[in-house]
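Below is one structure, written out as structure tokens; comments come after it.
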Amino acid sequence: MKIVHTIEDLRATLRPFSSPSLVPTMGNLHTGHLDLVRTAKPLGDVTVASIFVNRLQFAPHEDFDTYPRTLQADCDKLAAVGCDVVFAPSEKEMYPEPQGFKVQPPTELADILEGHFRPGFFTGVCTVVMKLFQCAFSEAKGPRHAVFGQKDYQQQMVIRRMVQQFALPVSIVSGDTERAPDGLALSSRNGYLSESERAEAVHLSLALRSLGREAMAAADGLARQLPALEARAMADLTARGWQPDYLTVRRRIDLQTPQAGDALVVLGAARLGKTRLIDNFEI
Ligand code: PAF
């Protein structure tokens, strides 16, 4: 496995290949990320994982400075699953000057849910993903794939829309959410949890599953009952010591409020102590 730190080296390394598959990450890899690499491998003739903690997608009060940087351990794990190339640029390499040009996603998709509670988050994500695509795919002549986890459901939707609206020659592939045996979705941020918080953490996914069941049971009365169901799910989690941002049922197609007959997804974000966790289930 080759590890490169500059855009020039990445392009030179990828030049002999026609069909790269990219797995963008911020490092501190867990088995969910490694599964994305396994998904990426058969899609092309060279598999690239990027590791870059992207300052643009963090608000000043968020965990950019403390986000775990574990490059050596990450590379060992990537080598073990057969990744071919790791692109681990410095901040200066990715942003040699302040990134004045940014990719601004549409408000109806990017200012709701995660974007409401993390203003500017999706602009930061889209900007770095667009740039990573330019770095990894500029030499490619054949199909290009990028793999994103389903755990970041809204992120994946925003990126798909970006690819579609800019007619980028990239296919977006979804990887399933990996879960711990108790059902907690794997996340680099799980490492922030204390032992007692870790035991409690599964209750976000349990609350979402139960909200999902209630939404399905509401059937034709969904639109009328949903505000009360969501409020009760938030109140139950609050009573357990969480600070929920949202627990909500949306239609899959655009994450807007559903009507009877829509395909649904239940999504949530909540803070447990200092750790903010997100999860979702299609129902
Ligand atoms: O999902 C992530 O880890 C990040 O948002 C991404 C896609 C690597 C962009 O920094």
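We count ligands from 1, going down the list as the structure has it; atoms in each ligand are counted the same way. Computed over heavy atoms, backbone and side chain alike; hydrogens, waters and symmetry mates excluded. Everything quoted here is computed from the prediction, not taken from an experiment.
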So for L132 against ligand 1, with non-hydrogen atoms under 4.0 Å, the contacting part is neither
Please report which non-hydrogen protein atom sits nearest to atom 3 (O) of ligand 1, along with the residue it belongs to and the distance in Å to one decimal place.
-> M26 CG, 3.7 Å
May I ask you to identify the nearest protein heavy atom to atom 10 (O) of ligand 1, giving residue, atom name and distance to one decimal place in Å?
-> Q57 OE1, 2.7 Å
Output the list of atoms in ligand 1 that are nearer than 4.0 Å to some heavy atom of T25, sorted by atom number.
-> 8 (C)
I51, V4, V48 screened by side chain to side chain contact (heavy atoms under 4.5 Å, CB included) with V86, the one that passes | I51
Are F148 and V173 connected in the hydrophobic side-chain network, where two residues link if heavy atoms are under 4.5 Å apart?
-> no
Nearest-option assignment for atom 7 (C) of ligand 1, heavy atoms, candidates Q155, K151, Q156 | Q155
Enumerated ligand 1 atoms positioned under 4.0 Å from heavy atoms of V128 | 9 (C), 10 (O)
At their closest point, which heavy atom of D245 faces which heavy atom of R271, and how far apart are they?
-> OD2-NH2, 4.5 Å
Provide the number and element of each atom of ligand 1 under 4.0 Å from a heavy atom of P24.
-> 8 (C)
Would D182 and R198 count as a salt bridge (charged side-chain N to carboxylate O under 4.0 Å, His left out) if you check the C-alpha gap in whole Å, the side-chain angles of each, and the deciding distance to 0.1 Å?
-> CA-CA 10 Å; D182 68 349; R198 172 62 192 84; 2.9 Å; yes
Non-hydrogen atoms of M26 and Y67 that approach each other most closely | O-CE2, 3.6 Å
Decide whether a cation-pi geometry holds between R69 and F64; the criteria are a distance under 6.0 Å from NZ or CZ to the six-membered ring centre and an angle within 45° of the ring axis.
-> yes
